[in-house]
> 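Can you keep this structure in mind? I'll have questions shortly.
Sequence positions, counted from 1, serve as the residue numbers for this chain.
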Amino acid sequence: MGFGRNSFVGWAEEASWGTAVAATKFAELISEGIETVRDRQPRPVVRDLDEREGNTYDALFGARGPFAVELNYAGLLRLFEHLFGDASVSSVLLETAISWTHTITLKNTIMSGKGLSLHVNRDVDAGSTPQLRAVGYKINGATFSFAPDRNGQVEFDGAAKDASIIAAASPTFPSTSVYVAGHQLAVEIDDVARAVDSVELTLDNGLDLEKRVVGSKNIGEPIRSDTRRSITGTLTMDALQADWSKLDAGTLFKLELLHTGPALGANAYRMDFTLLKCLVTGNPFTVGGPGILKSTVPFKALKPTAGELLSLVVVNNESVVA
């Protein structure tokens, strides 16, 4: 028997894709759906009526699926780096021995030759060997969600070369004092503050997650193909006529999600998302009954002529990505 209350996820970067390493960073799970893939197919012959014992072959081994954690100003830089791409993080000293600014921008090149060893503790069998280790895990996308009554959340999704069960590790979780709380978010549209009820933002890298090669039953290292990367989202807030006007005219808008956390020396913890050019993609509001009329604005980000599709700035107490 196992309990969700004892669950957690850990991760570390592999020096070589698919070569397991011990987890160095950990987080408490909100949920996870990492599925072990063991696809064993019958041989494609017509001679037998039934699928016979010992007459199958291994068609695909691997692992795939999401895991969700709360956002924290510290401890997530490695996951952000693998989400945004190779050499996506630029770190600059802000205050000596106290704080650093990490600017993370989307890159066309993903982390080639490297993956993550992802460790998921499910507490099965009373904690004896409860930890699933997925090696060569590639992050294909993430969904960030924000609301006033909870901490920010992120669900990462991807696929791994293979999985195994290993002995449990002892996790060290990030400080609860620097979780990214809902009340720390300020939303700006075209540099003007807007009161919002909730925000959801999804990045899909469009990777080829089940690339196959002869000579292995496992997936090959996922690559970026010609599937276009996409960033979509939804803003929920009190309705304004300007929301419909943006849809009608095709007007692009800048969206900023600006988080200010506790004091950090002379500065403060920060986590700021910037999308320079967003397009409203659907009708923002209709009347569904009495009460305050709400806009639910669906949008997608477009690549600007100058600047990045999406950038993330994190100010924390970490000097390097680890």
Side-chain angles (χ1 to χ4, degrees), residues 66 68 71 73 76-92 101-112 114 116 138-146 152-159 180 185-192 194 196 198-209 222-237 243 246-247 249-259 270-282 284 296-315 321:
L71 286 172
Y73 291 104
L76 296 176
L77 290 178
R78 183 67 76 193
L79 297 181
F80 292 152
E81 180 187 46
H82 278 251
L83 172 66
F84 278 65
D86 192 26
S88 57
V89 184
S90 174
S91 301
V92 177
T101 299
H102 310 280
T103 302
I104 311 166
T105 52
L106 281 178
K107 299 296 182 181
N108 292 335
T109 304
I110 64 171
M111 301 294 288
S112 179
K114 294 182 179 180
L116 296 170
K138 288 282 191 178
I139 297 177
N140 183 45
T143 296
F144 299 88
S145 59
F146 309 97
Q153 299 180 2
V154 56
E155 181 179 79
F156 295 99
D157 196 10
V180 182
L185 172 60
V187 178
E188 292 186 3
I189 297 177
D190 290 331
D191 298 317
V192 177
R194 181 79 180 267
V196 301
S198 63
V199 184
E200 186 169 284
L201 184 66
T202 297
L203 166 60
D204 183 352
N205 272 310
L207 303 184
D208 183 353
L209 291 179
I223 62 171
R224 184 184 302 290
S225 63
D226 285 339
T227 301
R228 282 198 172 99
R229 184 167 49 199
S230 70
I231 299 177
T232 58
T234 304
L235 292 166
T236 302
M237 51 201 173
D243 303 332
K246 285 185 175 65
L247 168 69
T251 305
L252 303 179
F253 65 94
K254 179 171 74 170
L255 175 64
E256 294 175 281
L257 310 177
L258 309 173
H259 293 89
R270 301 279 307 180
M271 185 175 288
D272 300 338
F273 298 79
T274 300
L275 300 92
L276 292 175
K277 299 293 182 179
C278 296
L279 177 69
V280 178
T281 56
T296 301
V297 181
F299 65 88
K300 65 179 178 181
L302 303 179
K303 174 72 172 178
T305 302
E308 300 295 337
L309 190 67
L310 169 67
S311 62
L312 169 61
V313 174
V314 177
V315 176
V321 177

> Once rounded to the nearest 0.5 Å, what's the spacing between atom CZ of F84 and atom OG1 of T103?
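F84 atom CZ to T103 atom OG1 measures 11.0 Å (nearest 0.5 Å).
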> Roughly how far, to the nearest 0.5 Å, is CG of L83 from CD1 of I110?
11.5 Å
> Report the residues that fulfil salt bridge (Lys or Arg N to Asp or Glu O under 4.0 Å) with D157, sequence neighbours left out, ordered by chain and then residue number.
none
> Can you give each donor-acceptor pair under 3.5 Å made by side-chain atoms of residues 301-312, sequence neighbours left out, with the distance rounded to 0.1 Å?
{"from": "K303", "atom 1": "NZ", "to": "G307", "atom 2": "O", "distance (Å)": "3.4"}

> Can you sort out the partners of F299 under ring pair (Phe, Tyr, Trp, His ring centres under 6.0 Å), two or more places apart, ordered by chain and number?
none
> Under the side-chain hydrogen bond (donor to acceptor under 3.5 Å, both in side chains) test, which residues partner E81, sequence neighbours left out?
R78
> Could you tell me the separation between the CG atom of L252 and the CG atom of L276, rounded to the nearest 0.5 Å?
11.0 Å
> Ignoring hydrogens, what is the shortest heavy-atom contact between A87 and M111? Give both atom names and the distance.
N-SD, 4.5 Å
> Check the surroundings of atom NZ in K107: do more than 12 heavy atoms from other residues, nucleotides or ligands lie under 6.0 Å from it?
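Correct, the count exceeds 12.
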> Not counting sequence neighbours, which residues clear side-chain hydrogen bond (donor to acceptor under 3.5 Å, both in side chains) with T143? List them please.
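So T143 forms a side-chain hydrogen bond (donor to acceptor under 3.5 Å, both in side chains) with T202.
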> Report the C-alpha separation of L76 and L71 in whole Å, then their side-chain angles, then the decisive distance to 0.1 Å, and conclude whether the side-chain contact (heavy atoms from CB on, under 4.5 Å) test is met.
CA-CA 8 Å; L76 296 176; L71 286 172; 4.0 Å; yes
> Please report the closest heavy-atom contact between T227 and G206, naming both atoms and the distance.
CB-O, 3.6 Å
> What pairs with F273 under ring pair (Phe, Tyr, Trp, His ring centres under 6.0 Å), at least two apart in sequence or on another chain?
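So F273 forms a ring pair (Phe, Tyr, Trp, His ring centres under 6.0 Å) with F144, F146.
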> Under the side chain to side chain donor-acceptor pair (under 3.5 Å) rule, what pairs show up with a residue in residues 270-282, not counting sequence neighbours?
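Every side chain to side chain donor-acceptor pair (under 3.5 Å) pair that includes a residue of residues 270-282, provided the two are not neighbours, is T260-R270, R270-D272.
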> Once salt bridge (Lys or Arg N to Asp or Glu O under 4.0 Å) is applied, do any residues pair with K246, and if so which ones, sequence neighbours excluded?
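Partners of K246 under the salt bridge (Lys or Arg N to Asp or Glu O under 4.0 Å) test: none.
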> Going through the checks in order, is the side-chain contact (heavy atoms from CB on, under 4.5 Å) test met by I189 and L235?
CA-CA 11 Å; I189 297 177; L235 292 166; 4.1 Å; yes
> How far does CG of L116 sit from CG of L79, to the nearest 0.5 angstrom?
6.5 Å
> As an exercise, state the distance from CE of M237 to CG of D243, rounded to the nearest 0.5 Å.
4.5 Å
> Under the 3.5 angstrom rule, does the side chain of N140 hit a backbone N or O of L207 as a donor-acceptor pair?
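Yes: the side chain of N140 pairs with the backbone of L207.
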> Any chance you could lay out the side-chain contact (heavy atoms from CB on, under 4.5 Å) test for T236 and V196, step after step, and finish with the verdict?
CA-CA 6 Å; T236 302; V196 301; over 6 Å; no
> Is any side-chain heavy atom of S112 less than 4.5 Å from a side-chain heavy atom of D86?
no
> Using a 4.5 Å cut-off on heavy atoms from C-beta on, say whether the side chain of V280 contacts that of F253.
yes
> Considering residues at least two apart in sequence or located in another chain, which fulfil the side-chain hydrogen bond (donor to acceptor under 3.5 Å, both in side chains) criterion with S91?
H102
> Of all heavy-atom pairs between G250 and L279, which one has the smallest distance, and what is that distance?
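Closest heavy-atom pair between G250 and L279: O-CD1, 3.8 Å.
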> For R224, what residues pass the salt bridge (Lys or Arg N to Asp or Glu O under 4.0 Å) criterion, not counting sequence neighbours?
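Residues passing salt bridge (Lys or Arg N to Asp or Glu O under 4.0 Å) with R224: none at all.
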> Assess the residue pair V314 and L77 against the criterion (side-chain contact (heavy atoms from CB on, under 4.5 Å)); give the C-alpha distance rounded to whole Å, side-chain angles, the decisive distance to 0.1 Å, and a yes or no.
CA-CA 8 Å; V314 177; L77 290 178; 4.3 Å; yes
> List in chain and number order the residues that pass side-chain hydrogen bond (donor to acceptor under 3.5 Å, both in side chains) with T296, two or more places apart in sequence or in another chain; answer none if no residue qualifies.
none
> Would you say the side chain of L255 lies within less than 4.5 Å of the side chain of V187, judging by non-hydrogen atoms?
yes
> Nearest 0.5 Å, what's the OG1-CG distance between T232 and L203?
9.0 Å
> Got a sec, which residues hit salt bridge (Lys or Arg N to Asp or Glu O under 4.0 Å) with E188, two or more places apart in sequence or on another chain?
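Per chain and number, E188 pairs via salt bridge (Lys or Arg N to Asp or Glu O under 4.0 Å) with no residue.
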